[in-house]
Amino acid sequence: ELDLRVNLKANTKEKHILVCRGTGCTSSKSPLIIETFNKLIKEKNIENIQKLRELEKELPPYVTTFFRGIEPHTASRTRIAYAIDLKVFFEYVRNTNPLYKDKSLRELDFDLITKLQAVDIEEYLDYLKYYIGPDGKEITNSEAGIKRKLSALRSFYNYFQNRHERFFYQKHPDNRLCRKRCSDLR
């Protein structure tokens, strides 16, 4: 196992990463260490892509469009966290709305997100404080956890609103999605 240390106290603009193993440390200038570190990053990124793809299989198909759209400016770990948070949201919608009760998450249609009202988002945020997960475990979220889930939902809504604004406003002219709903909350 490698122990990576960053020398933040260096008085130069260039920072060094020390890799410590066994009895000594090697500077990040070592080509072997840099090569190994880059390989580890690449492997982790591939692992994250595979994990995201597995999560996407459980979510509505349009969520994959969202992840493709935000990929250029988000880290793979961010997209995984968003997928987990959006899964909680869609499970909540399915479990609390009789129209979707008998549907799988994959069957939740795109029109669903245009029909939600501010009160639906407020109820979801209240739900996040304490709920029973699909595996039967009790789950609680701190204020920070709730804000992170709201951030994922806000990003999701904003993505579709920015790219499909005409669709949203023609179909639901009074609907301002999460710009109105999510920003006014918290």
Side-chain angles (χ1 to χ4, degrees), residues 4 37-118 120-165 167-168 175 177-179 181-183 185-186:
L4 301 176
F37 191 66
N38 285 335
K39 183 180 174 188
L40 289 172
I41 290 171
K42 185 177 179 179
E43 288 172 359
K44 188 63 177 171
N45 194 41
I46 290 170
E47 183 182 312
N48 287 344
I49 289 168
Q50 291 170 335
K51 185 172 184 176
L52 181 60
R53 286 180 181 164
E54 287 302 310
L55 287 165
E56 285 175 338
K57 289 178 184 177
E58 302 174 46
L59 294 167
Y62 49 88
V63 176
T64 300
T65 303
F66 165 65
F67 289 126
R68 263 191 313 245
I70 67 169
E71 182 177 7
H73 58 273
T74 56
S76 58
R77 290 177 60 175
T78 299
R79 291 189 304 278
I80 289 170
Y82 278 9
I84 292 166
D85 293 343
L86 289 172
K87 183 178 177 189
V88 171
F89 172 71
F90 285 115
E91 285 172 343
Y92 165 79
V93 169
R94 181 188 60 197
N95 294 335
T96 59
N97 189 317
L99 295 174
Y100 303 108
K101 196 95 172 150
D102 296 327
K103 294 188 176 204
S104 73
L105 296 183
R106 298 246 346 131
E107 295 174 306
L108 298 181
D109 58 14
F110 184 75
D111 198 43
L112 156 76
I113 65 173
T114 66
K115 293 178 180 177
L116 295 174
Q117 300 297 314
D120 298 318
I121 304 299
E122 291 167 348
E123 289 172 352
Y124 170 65
L125 295 176
D126 186 56
Y127 164 83
L128 290 173
K129 293 175 185 171
Y130 170 83
Y131 63 97
I132 306 295
D135 57 358
K137 290 184 181 177
E138 294 181 348
I139 300 172
T140 60
N141 283 283
S142 66
E143 194 65 27
I146 291 170
K147 285 181 180 180
R148 191 191 88 179
K149 286 173 177 54
L150 179 60
S151 176
L153 191 57
R154 183 182 294 125
S155 180
F156 177 74
Y157 266 86
N158 285 341
Y159 172 80
F160 283 108
Q161 184 175 18
N162 291 337
R163 279 145 189 87
H164 305 284
E165 192 167 335
F167 166 81
F168 282 120
N175 190 346
L177 295 174
C178 238
R179 277 217 178 102
R181 297 191 187 128
C182 296
S183 354
L185 301 172
R186 307 245 172 211

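These numbers come from a predicted model, not from an experiment.
- The number of heavy-atom neighbours closer than 6.0 Å to CD of Glu138, taken from other residues, nucleotides and ligands shown, is 12 or below.
- Here the side chain of Arg106 pairs a donor or acceptor atom with the backbone of Leu59 at under 3.5 angstrom.
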Next item on the list: Could you please spell out the steps behind the salt bridge (Lys or Arg N to Asp or Glu O under 4.0 Å) verdict for Glu54 and Lys51?
Entry: CA-CA 5 Å; Glu54 287 302 310; Lys51 185 172 184 176; over 6 Å; no
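- Side-chain contact between Ile70 and His73 is present, with at least one heavy-atom pair separated by less than 4.5 Å.
- Separation of atoms CD (Glu91) and OG1 (Thr96) is listed at 11.5 Å; rounding is to 0.5 Å.
- A donor-acceptor distance shorter than 3.5 angstrom exists from the side chain of Asp120 to the backbone of Gln117, with no hydrogens or angles considered.
- Here the side chain of Gln161 pairs no donor or acceptor atom with the backbone of Tyr159 at under 3.5 angstrom.
- Between Arg148 and Asp85, the closest heavy-atom pair is NH2-OD1, 2.7 Å.
- Put simply, NZ on Lys103 and CZ on Phe90 are 13.0 Å apart, with the number rounded to the nearest 0.5 Å.
- Nearest heavy atom pair, residue Leu128 against residue Asn141, reads O-ND2, 2.8 Å.
- Aromatic ring orientation, Phe160 versus Phe156: perpendicular (interplanar angle above 60°, classes split at 30° and 60°).
- Note: Ile80 CD1 to Ile49 CD1 = 9.0 Å, rounded to the nearest 0.5 Å.
- Inter-residue side-chain proximity for Leu116 and Tyr157 is flagged as met; some heavy-atom pair is nearer than 4.5 Å.
- Put simply, the side chain of Glu123 reaches to within 4.5 Å of the side chain of Tyr92, judged on heavy atoms.
- Leu153 places a side-chain heavy atom less than 4.5 Å from the side chain of Leu86.
- Remark: of the listed residues Asn48, Leu55, Leu52, Ile84, Leu52 is the sole one forming a side chain to side chain contact (heavy atoms under 4.5 Å, CB included) with Arg79.
- The CG atom of Asp109 sits 6.5 Å away from the NZ atom of Lys115 when rounded to the nearest 0.5 Å.
- Of the possible polar contacts, one joining the Asn162 side chain to the Asn158 backbone as a donor-acceptor pair under 3.5 Å is found.
- Atom OG1 of Thr64 and atom CD of Glu56 lie 3.5 Å apart (nearest 0.5 Å).
- The heavy-atom pair separating Ala152 from Tyr82 by the smallest distance is CB-CD1, 3.5 Å.
- Atom CD1 in Ile139 sits 4.0 Å away from atom OH in Tyr131 (nearest 0.5 Å).
- A salt bridge between Lys44 and Glu47 is present, with a side-chain N of the basic residue lying under 4.0 Å from a carboxylate O of the acidic one.
- Counting heavy atoms from C-beta on, the side chains of Ile146 and Lys129 come closer than 4.5 Å.
- The shortest side-chain heavy-atom distance between Tyr124 and Val88 falls under the 4.5 Å cut-off.
- Ring centroids of Phe66 and Tyr62 are separated by 6.0 Å or more, keeping the two rings apart.
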